[in-house]
Amino acid sequence: MTEPLIRIEGIAKRYTGRGGAAATVFEDIHFGIDPGEFVCLIGHSGCGKTTILNILAGLEPATAGYVFVGGREIGGPSLDRAVIFQSHALMPWLTVMGNIAFAVTSRWPGWSKARVRDHCQEYIDLVNLTGAEKKRPSELSGGMKQRVGIARALAIRPSMLLMDEPFSALDALTRGMLQEEVLRICAETRQTVFMITHDVDEAILLGDKIILMTNGPHAKIAEIVVNTLPRNRNRHDLHRHPHYYRIRNHLIEFLVDRSRAFSEESAAGGYESRNPPLTRPGLDEGLSGVSGIPAARPPKPMVVVAK
Amino acid sequence: MGWRAPALSVLLFLLFVGVWHAATLPTAAERTVDAEYAKLVGAAAATGQKSSFPAPADVAGKIWTHLKEPFYDKGPNDKGIGIQLAYSLARVLAGYLLAALVAIPIGFLIGMSPLVYRALDPFIQVLKPISPLAWMPLALFTLKDSGVSAVFVIFICSLWPMLINTAFGVAAVRREWLNVAKTLEVGPLRKAFRVILPAAAPTIMTGMRISIGIAWLVIVADEMLVGGTGIGYFVWNEWNNLSITNILTAILAIGLVGMVLDLMLARLTRLVTFPE
């Protein structure tokens with residue numbers, strides 16, 4: 001087995017409340033991300049999704065456990081792991097070009113002004129913001145701001161992109177457009193991505209793997225769903241694929257019922273937090289929730305537990 | 001709306017001048033005073049033909065003479081109003097800039113470190129409400145120079161608003177911008193100058209604007225105490241000369257200069273303010 005780009009081993013977050021009682025947000029989180037993989041983490045609010053992302057980014061320490069990148073334990077934030085923040089986090093006193101150039105000159109302090117400008121321009125063009133270089137964030141729409149955030153993160157050529165619900169503050173139309181663009185950019189650049197979301201469709205569209213997290217406190221990874229839809233998926237005919245509703249129903253069923261009652265389910269045995277089950281609901285004939293969708297493949301085992 | 005507000009301003013001004021003019025009209029009533037005293041103060045004052053408070057026309061005339069020759073220098077007690085204002089401005093700028101040099105770096109430290117904030121807070125709370133003039137005797141005693149003491153008083157009164165606003169502005173820099181700097185592995189100096197300073201600049205500038213206002217308020221009392229030169233000294237000297245017209249001219253000049261200082265700082269504040 002190849003070494004994943006990023007490996008999370010048993011991280012946990014606990015807060016000491018009043019009177020010394022520790023409140024555990026999540027614990028025993030194990031997973032890995034392979035190079036070029038797009039991994040989504042889905043779960044209800046309060047299960048510590050953002051905290052996990054912040055730990056991966058190095059912005060917050062974990063109470064227990066380790067995060068390894070390329071086999072080495074991380075010791076803080078790094079230019080190798082770029083973050084796209086939920087609130088875009090652009091600096092309002094800088095232009096679009098200035099915001100991206102700030103990141104680029106942080107990455108390569110020795111670069112000449114012309115080289116920095118050319119490099120920034122390349123990424124401004126990539127996110128379709130050509131012509132808006134001299135605008136300030138206050139003059140941009142929410143979607144355009146998030147595009148700048150994406151360009152800023154990609155411009156430093158990180159080995160890993162961390163996205164914290166990047167589209168949750170946008171309207172549905174803009175969100176859809178940006179999701180497609182992220183899909184296109186990631187396909188072009190083979191970027192490794194870890195994304196937090198609470199949107200099931202977004203997870204199915206973007207994620208190669210979808211990590212399901214149970215509700216907090218004491219949140220855990222319940223299972224890792226492998227997205228069996230082809231990698232060149234797009235928003236328009238995604239729902240026509242026979243796997244789509246199977247995966248979608250599986251995810252919704254998890255979010256509605258199982259995320260709450262997972263502790264009972266796992267107590268029944270067979271669950272190991274070190275190796276959360278890897279499932280492929282897309283291949284499960286029995287789960288086809290919408291009638292009239294023909295089975296695409298011959299029957300296969302319902303749940304494949306890897307390793 | 002565009003022209004009505006200025007028109008109203010002009011109207012109010014004319015009304016004010018009119019009332020003033022009417023109030024200072026010569027009274028015909030004969031007044032009997034001691035003949036000796038009448039000789040001493042001059043016939044006009046003794047008979048009450050002319051009000052002792054100058055009429056608007058007198059003040060306007062005085063302003064005109066000052067405007068014609070603002071920079072004359074006829075010895076230590078007779079200098080043009082322009083020269084006096086220049087002395088005052090020099091003192092204010094010296095004390096104010098010194099205060100900025102001290103307050104902004106310390107404010108940065110306080111804003112960045114909760115420990116330093118808590119350690120320095122009691123001192124600031126005690127020192128802040130002290131009238132700057134209360135420091136004057138201490139300054140005269142230790143610095144042994146009235147000119148330096150005057151600047152020190154300006155320094156101490158400009159210090160607090162800048163210090164407190166800088167600390168507040170730096171502490172209030174959004175966590176997300178600091179997180180961006182962190183994930184970009186930005187060094188401490190670059191973070192201070194490229195992230196924290198621009199983010200806190202509007203708040204710092206507001207503190208600087210409050211400070212220049214206070215410094216200009218304090219300079220008059222400061223110079224009345226110290227004496228020698230400056231607009232405050234000029235006012236006190238003209239009080240001793242019983243020249244109300246000169247005092248009124250100086251009051252107007254103080255107001256105008258204060259307004260210009262405030263406008264300049266407001267302009268600078270706008271330059272560093274960013275729309276969200």
Could you tell me which portion of [X] (side chain, backbone, both or neither) has an atom closer than 4.5 angstrom to a non-hydrogen atom of chain A?
X         : value
Val180(B) : both
Val272(B) : neither
Ala199(B) : both

Is the count of non-hydrogen atoms from other residues, nucleotides or ligands lying under 6.0 Å from [X] atom [atom1] greater than 12?
X         : atom1 : value
Leu173(A) : CG    : no
Phe168(B) : CZ    : no
Tyr87(B)  : OH    : no
Tyr117(B) : OH    : no

Check whether Leu90(A) gets within reach of chain B through its side chain, its backbone, both or neither, counting any heavy atom under 4.5 Å.
backbone
Of the backbone (N, CA, C, O) and the side chain (C-beta and beyond), which part of Leu79(A) lies under 4.5 Å from a heavy atom of chain B, both, or neither?
both
To see if you've got the definition right, give the donor-acceptor pairs under 3.5 angstrom between chain B and chain A.
from      : atom 1 : to        : atom 2 : distance (Å)
Glu176(B) : OE1    : Ser87(A)  : OG     : 2.8
Trp177(B) : NE1    : Leu90(A)  : O      : 2.9
Glu185(B) : OE2    : Leu79(A)  : N      : 2.6
Arg190(B) : NH2    : Phe102(A) : O      : 3.0
Arg190(B) : NH2    : Thr105(A) : OG1    : 2.9
Arg190(B) : NH2    : Ser106(A) : OG     : 3.0

